[in-house]
Amino acid sequence: MPTREPARPHGRPAGRAHGRHGPARRPARRGLGDVLAGLGALVLLVALVGGVPYALLKYVGPPIDPEQFDVRTLLSQAGPSTITAVLVLLVWLAWFQLFVCVLVEVYAGVRRVGMPARVPMSGGTQALANKLVGAVLLLFTTGAMVAPIVKLAPAPAPPPMTAVAYSAPIVEKATLDTQQTKKVYVVQPPHGRHHESLWEIAEKCLGDGRRYHEIYRLNQAKEQPDGSKLRMADLIRPGWVLDMPDDARHTHTVPVGQPREQTLRDHPGRAEVPRSVEQRADRAEEKAEQKKDVERRAENRGGAKHRLPEQDRRLPEQERREQPVVREAQSGALMDYLAPASLAAAGLLFVLSRRRREQLWNRLPGRRTARPRGDAAEAEVALRLGADAPGARILDIGLRLLGAELAARHRTPPTVYAAHLSARTLDLWVHPPDPDPPAPWTAQDGGQVWRLPAHEGRLLEDQPGGAPYPGLVSIGANAGGRVLVDLEAAQGLINVRGPQTTAALAAIAVELATNRWSDRMRVTLVGFGEELTAIAPDRIRAVGGLAEVLPELEAAAAPREQVLTGRVTGSPREAHYLLSAVAPTHEEARRLALLARRDTAGYVVAGDIPHATWTLEITEDGKARIAELGFEVEAQLLPRRHYRALVELFRTAGRMEGEPIPEPEPLVGLHAPAVEIRLLGPVEVRGLRPLEEGRLALAAEMLVYLATHPGGVHPVVLGGVLWPRGVQDLVRDATIARVAEWLGPDHLLTDEAGRLRLGPEVRTDWMLFRELVRRARGDAMARPVLLEKALGLVRGPLLAGRPPGRYAWLAAEDLEYDVAAGVADAAHQLCELRLAQNRPDAAVAAVRQALLLAADDEGLWRDLLRATHATQDGVRLRAVVEGLTRRAASHPYGGALAPETEALIEELLPTWRIHVVRESSA
């Protein structure tokens, strides 16, 4: 193990929490020093803004002297006068830059717009202007202070305030013992159209609006009485109880341990806020009263039961049925842990997709594959939102390429004790330092860091080599990206401790079991996680105690160098990791310590373990620290309810019996609609004028959601669907109004309960598809024609080309499942009809049309094989078989054919395996 302090991202010192030091507090009232400072700043500003140009014009001249900058002069007579002219021009430019900065700061301070605009390439100059203007403005106002220019840092500053919540003054109570009390501020409903923000609360209670950062940091992620938490500095809600700095005024003073609900009971005044959700189709006008967010209390770490806020209970019953996913995602119950775990989310979706491919092998006509519901559906929504598939691919391919290149040079892979994956780079921290990594990796910090740029990683092709570092696993994230440690690199026990030990171990187990940068893997869980075996039964096993596995581990131990060499040369040994939530006995700890020092495996054990190589500390506020490596990050955790949701998701994906497809509502007619939303292929909206490119994707997603929910959607629910990480009411309402204007007054309607729905002249191609199929079932004569018309609507995969991060809500809806099954069933019916009519070519065409959308439905491929065999063209049949086997071998979710498909190929083309072997050899 290295004895020196390892390199860290962005050069942060070891052990220092990011953002721990907040802005210095300023006095709440003006004193004599403020007045003198303001007068001095005013004199200096006048001198800089007016005196400098006056002196330049009087003693030097204008910024540009045409004679000095004549081309012939520059080429033939350049001398001291030319240099002087250049220097004068630079002084003028510096003055102009300062002048612009002063204008920007004065505008921000006088208008109170929050954070002033940044002047390009003016960091130091604008900071000087900020201080001078702030001191001057303090002479004329007690509250208006221009916001400071924040130094550029890896962690971005909170955004400027745009008010969406409201507060009322609170009378300060008598001061109590400061060691046992704290000051709080109760946020209350708005008055008319007045919207306050954290900035205004800071200005009122602290005398300086830009101290809102202090209020934000004191209350960030603390649970409020309504069950939600402060996650964005510009989203506060009525009824919240905000902790305030000690010097705050107009506050309540309460005991330190007093629950927030008790504070509200002791200090009544929380008013009901009537809900107003009516939308104007022709303009984005905010309504007079604030709409309180609909959220139910999230069960988060404490096992609390869900409850709907009082205002949520007044929503129509249909809204309560349709919005659980949205509420849960917004309140953070599942989003908090699953979406940020981007690499684990990518691995889970990969394994889940493989399971669903197996479901399609067994799907019967007239049934769709089973879909998740409740927490399981919400978990998949969060996974889709957070999954970093490109990052996981770079890790996988980059590490395999590294191993293969080192093996070709007969070099043993170095110890990689940690990795940092960001949007720009993949960094490996190696020991001992080595300045000569194989290309495209480069050495940084004297060889302590091996770096793969992300743009290089994206261009790499899949690598056949072994996985050299299967023990790399995320412990959390910092401002720059995800931080991983190699469990094997500790070469000793890793001690994990803290109030959320099991949640940390569960997160490690899930990522280890589903990651793509390992080959042969076994994870043993001790004292927890028996349910997790449903996710990866071939990788995870659970036992009750260490005594059950210690003899086996001691017998299978192998030296590290031997194992690493085998991994990159093609003879890998199974990687093994032990994660124990049970503290070992003294004897078990001794045996584990000896085993860990001589074995390649990774050992992570809870409890207070003496002489552990690394200690992973999980703090109560969700930080993960490894002091030996100098890490402190936001921990990756998986609490019990969350991994239960994942387990249910995977159990659903293991159900092979499927579900019946619900009957569609009949259409009144088949005439062409005024507006058509096309889902069966690339997303298109026909019948409307073009919309700006930057707004089209969001508007189209809104229309797709409304079109698939004909009963209507509440605007609050719609906002949660389109912005699952949260959005201001003003932004949501403006977007809805813009789409309403785009559609026209007859095509976006609002009912008495405030629900939005599309008019009767707006239709999707999926609605037409289902109506044609429905009519085909009742008309035997017209059935082939109707089915052909229905399949003619298919242009490609469902909602093809949708932007990344959009349509995650599909995971909790029937649409994906119904469309895939409906299209495949229609093609199967038409194929059977055409074969009965002795028209095999038409049968082939029908199946190929459906394969554009449902390419993973194995039943369609069997229909294609039968239809092609009916053409009696052996060459054509062989081409289909070869194409199918090539597709299966290169399929991203598994390289096998369904047993029934293989049996059919054996029957129709007995020599197919010979041709496949010849082709692979060639």
Side-chain angles (χ1 to χ4, degrees), residues 1-7 394-421 425-453 456-457 460-473 484-494 512 515-522 553-554 556-578 594-604 613-614 628-629:
M1 284 298 299
T3 57
R4 59 174 298 172
E5 178 185 304
I394 288 174
L395 258 173
D396 178 26
I397 296 177
L399 293 177
R400 291 179 190 274
L401 174 64
L402 178 64
E405 292 293 328
L406 291 172
R409 302 181 187 187
H410 305 289
R411 293 172 57 184
T412 301
T415 296
V416 172
Y417 53 85
H420 185 263
L421 178 66
T425 61
L426 168 60
D427 288 350
L428 303 180
W429 299 336
V430 303
H431 178 77
D434 186 342
D436 185 30
W441 293 83
T442 60
Q444 309 290 323
D445 295 338
Q448 292 185 100
V449 176
W450 285 6
R451 174 168 295 171
L452 176 65
E456 295 277 1
L460 295 177
E461 298 180 355
D462 290 345
Q463 300 295 318
Y469 303 108
L472 275 173
V473 65
L484 303 88
V485 298
D486 190 345
L487 302 183
E488 299 177 0
Q491 300 182 31
L493 290 181
I494 301 173
L512 283 174
N515 75 60
R516 299 184 61 180
W517 53 91
S518 63
D519 294 322
R520 302 174 61 193
M521 164 82 69
R522 183 161 52 98
L553 296 177
E554 290 167 334
R560 176 175 180 77
E561 183 172 336
Q562 171 188 334
V563 173
L564 282 175
T565 303
R567 286 174 182 167
V568 299
T569 56
S571 56
R573 172 180 176 265
E574 183 179 64
H576 182 223
Y577 306 100
L578 177 100
L594 292 173
L595 181 60
R597 291 193 184 101
R598 63 186 178 88
D599 189 17
T600 300
Y603 299 88
V604 186
T613 306
W614 296 345
E628 294 83 359
L629 301 180

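Counting from 1, the numbers follow the sequence of the chain as shown.
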Atom [atom1] of [X] and atom [atom2] of [Y]: how far apart are they, to the nearest 0.5 Å?
X	Y	atom1	atom2	answer
R516	I394	CZ	CD1	12.0 Å
L428	W441	CG	CH2	3.5 Å
L493	L595	CG	CG	8.5 Å
L399	L426	CG	CG	6.0 Å
H576	Y603	NE2	OH	7.0 Å

Notebook entry, point to check: Is L487 close to I494 at the side-chain level, that is, under 4.5 Å between some pair of heavy atoms?
Noted result: yes
Next item on the list: Could you check if a side-chain atom of L484 sits within less than 4.5 angstrom of a side-chain atom of W517, using non-hydrogen atoms only?
Entry: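 Counting from C-beta outward, L484 and W517 do come under 4.5 Å.
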Next item on the list: Keeping the roles fixed (side chain from D519, backbone from A467), state whether a donor-acceptor pair exists under 3.5 Å.
Entry: yes
Next item on the list: Spell out, as yes or no, whether a donor-acceptor pair under 3.5 Å connects the side chain of W450 to the backbone of D434.
Entry: yes
Note to self: Under a plain distance cut-off of 3.5 Å, with no hydrogens placed, do Y577 and E488 share a side-chain donor-acceptor pair?
What the structure shows: yes
Would you name the heavy atoms of [X] and [Y] that are closest together and state the gap between them?
X	Y	answer
A443	G447	CB-CA, 4.1 Å
E405	P438	CB-CB, 3.5 Å
L472	A419	CD2-CB, 4.2 Å
S518	P470	CB-CB, 3.3 Å
L402	Y469	CD2-CE1, 4.2 Å
V416	A489	O-CB, 3.6 Å

Item checked: Residue of the set T425, L460, L401 for which side chain to side chain contact (heavy atoms under 4.5 Å, CB included) holds with L452 ->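 The single option meeting the side chain to side chain contact (heavy atoms under 4.5 Å, CB included) with L452 is L460.
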Notebook entry, point to check: Got a salt bridge between R451 and D445, using NZ or NE/NH1/NH2 to carboxylate O under 4.0 Å?
Noted result: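 D445 and R451: not salt-bridged.
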Note to self: For H420 and W429, take the angle between the two ring planes, folded into 0 to 90°, and tell me which bin it lands in: parallel under 30, tilted 30 to 60, perpendicular over 60.
What the structure shows: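 H420 vs W429 ring planes: parallel.
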